[in-house]
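Just so it is clear, the values below take in all heavy atoms, side chains as well, and ignore hydrogens, waters and symmetry mates. The structure presented is a predicted model; accordingly, all values stated were derived computationally and were not measured.
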Amino acid sequence: PAIWIDEHAKTLAKRMVGRLRQSAGHIVTVNLGVGGNTRKRLDDDFELNLLASLLSEKGTTLILDCGAEAEEKKRAQGLLEALNKQGFRTVPANRLDDPVSLPSPGIVSIVCSIGEIAAVISESDEFIGYDSACQHIAAAAGIPSCTVFAGSNNPRFVRRWHARGRSVSKIIHVDNLSRDKMFDNADIISRIHDARNRA
């Protein structure tokens, strides 16, 4: 797979990520959007604890894509507020061309188009998110990714839609259909970190 990123978006992403790199050793782009298919996501507690665990890694800065839909933007704002209350540095939703600087560790949220998030992912060190177009963008851009694949209890379906590319694409399969609410968020987050450490 391959992607062709708009030159203007590429320039803006390179500039924004470059500013973040002045104080961060590792940039992770996160997208928790599911395109309206709520079966693909876990709960708010999982998302908050995942972001907090990533922010606890030394020298890591997160870029949180707020998504395209109003509900996704609202959830992203709620996550930022909760992380801020926990003492993490947060920067509210920005356009890609806004001047952003953030001491590491911290989280910057962005509102952007699919082309712009492709540019941001391609400038990042890593991508983490639910099953969505972004996992395939990361794979095509050669960026290591870790995808939480919920909403299906069929392993063949997961294998079929697993992103492929020049870099490592790890899948964390969570069967939230046949055992609804029986999964353990801490265990899933631990599996994500284990997969990333083996990449």
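R191 contributes no side-chain N or O that, together with a main-chain N or O of A186, makes up a donor-acceptor pair within less than 3.5 Å. Side-chain atoms of R95 do not come within 3.5 Å of backbone N or O of I110 as any donor-acceptor pair. Checked by atom type and distance alone, the side chain of E123 never pairs as donor or acceptor with a backbone atom of V120 at under 3.5 Å. Proximity of a side-chain donor or acceptor of R166 to a complementary backbone N or O of A141 within less than 3.5 Å is detected. Within the 3.5 Å criterion, the main-chain N or O of E126 finds no donor-acceptor partner in the side chain of S124. The backbone N or O of L80 lies less than 3.5 Å from no partner atom in the side chain of N84, so there is not a single donor-acceptor pair. Between the side chain of E72 and the backbone N or O of G35, at least one donor-acceptor pair lies under 3.5 Å.
In this structure, Q77 CD and L64 CG are separated by 10.0 Å, a value rounded to the nearest 0.5 Å. With rounding to the nearest 0.5 angstrom, the OG atom of S169 is 10.0 Å from the CZ atom of F127. Atom CG in L54 sits 5.5 Å away from atom CG in L62 (nearest 0.5 Å). Going from atom CZ of F46 over to atom CD1 of I192 covers 4.0 Å, rounded to the nearest 0.5 Å. Interatomic distance, CG of N31 versus CD of Q135, reported as 10.5 Å (0.5 Å rounding). L50 CG to H193 NE2: the interatomic distance, rounded to the nearest 0.5 Å, is 6.5 Å.
Ring planes of H173 and F149: perpendicular class, angle over 60° (limits at 30 and 60°).
A salt bridge links R41 to E47: one of the charged nitrogens lies within less than 4.0 Å of a carboxylate oxygen. Comment: K74 does not engage E71 in a salt bridge, judged by the lack of any side-chain N to carboxylate O separation of less than 4.0 angstrom. Between R196 and E57 there is a salt bridge, since at least one side-chain N of the basic residue sits less than 4.0 Å from a carboxylate O of the acidic one.
Looking at heavy atoms from C-beta onward, I107 lies out of side-chain contact with V91 at the 4.5 angstrom threshold. Side-chain contact between I143 and S167: absent, with no pair of heavy atoms (C-beta onward) separated by less than 4.5 Å. Residues L83 and L55 have side chains in contact (heavy-atom distance under 4.5 Å, counting atoms from C-beta outward). Side-chain atoms of R15 and L96, non-hydrogen and from C-beta on, never get closer than 4.5 Å to each other. Within the 4.5 Å cutoff, side-chain heavy atoms of C134 are placed close to those of I121. A heavy-atom distance below 4.5 Å is not found between the side chains of V17 and T29. Using a 4.5 Å heavy-atom threshold, the side chains of L48 and Q86 count as touching.
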Worked verdict on V108 versus L20 for side-chain contact (heavy atoms from CB on, under 4.5 Å): CA-CA 9 Å; V108 173; L20 296 176; 3.8 Å; yes
If you apply the rule side-chain contact (heavy atoms from CB on, under 4.5 Å), what do you find for V28 with D125, and how did you get there? CA-CA 6 Å; V28 181; D125 299 308; 6.0 Å; no
Start with the C-alpha gap between L79 and L32, add the side-chain angles, then the distance that decides, and say whether side-chain contact (heavy atoms from CB on, under 4.5 Å) holds. CA-CA 11 Å; L79 289 168; L32 298 173; 3.9 Å; yes
side-chain contact (heavy atoms from CB on, under 4.5 Å) between D65 and C112: does it pass, once the steps are laid out? CA-CA 8 Å; D65 177 15; C112 58; 4.1 Å; yes
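Checked by atom type, the side-chain pair D45/N185 shows a donor-acceptor distance below 3.5 Å. Checked by atom type, the side-chain pair H26/T61 shows no donor-acceptor distance below 3.5 Å. T147 and D131 share no side-chain donor-acceptor pair at under 3.5 Å.
A pairwise comparison of heavy atoms in G33 and Y130 identifies O-CB, 4.1 Å as the closest pair. Minimum heavy-atom separation, I172 to A195: CD1-CB, 3.9 Å. Between I5 and A119, the shortest heavy-atom distance links the atoms CG2-CB, 3.6 Å. Here the shortest heavy-atom pairing between E116 and S113 reads OE1-N, 2.9 Å. Residues G115 and A9 approach most closely at O-CB, 4.2 Å, considering heavy atoms.
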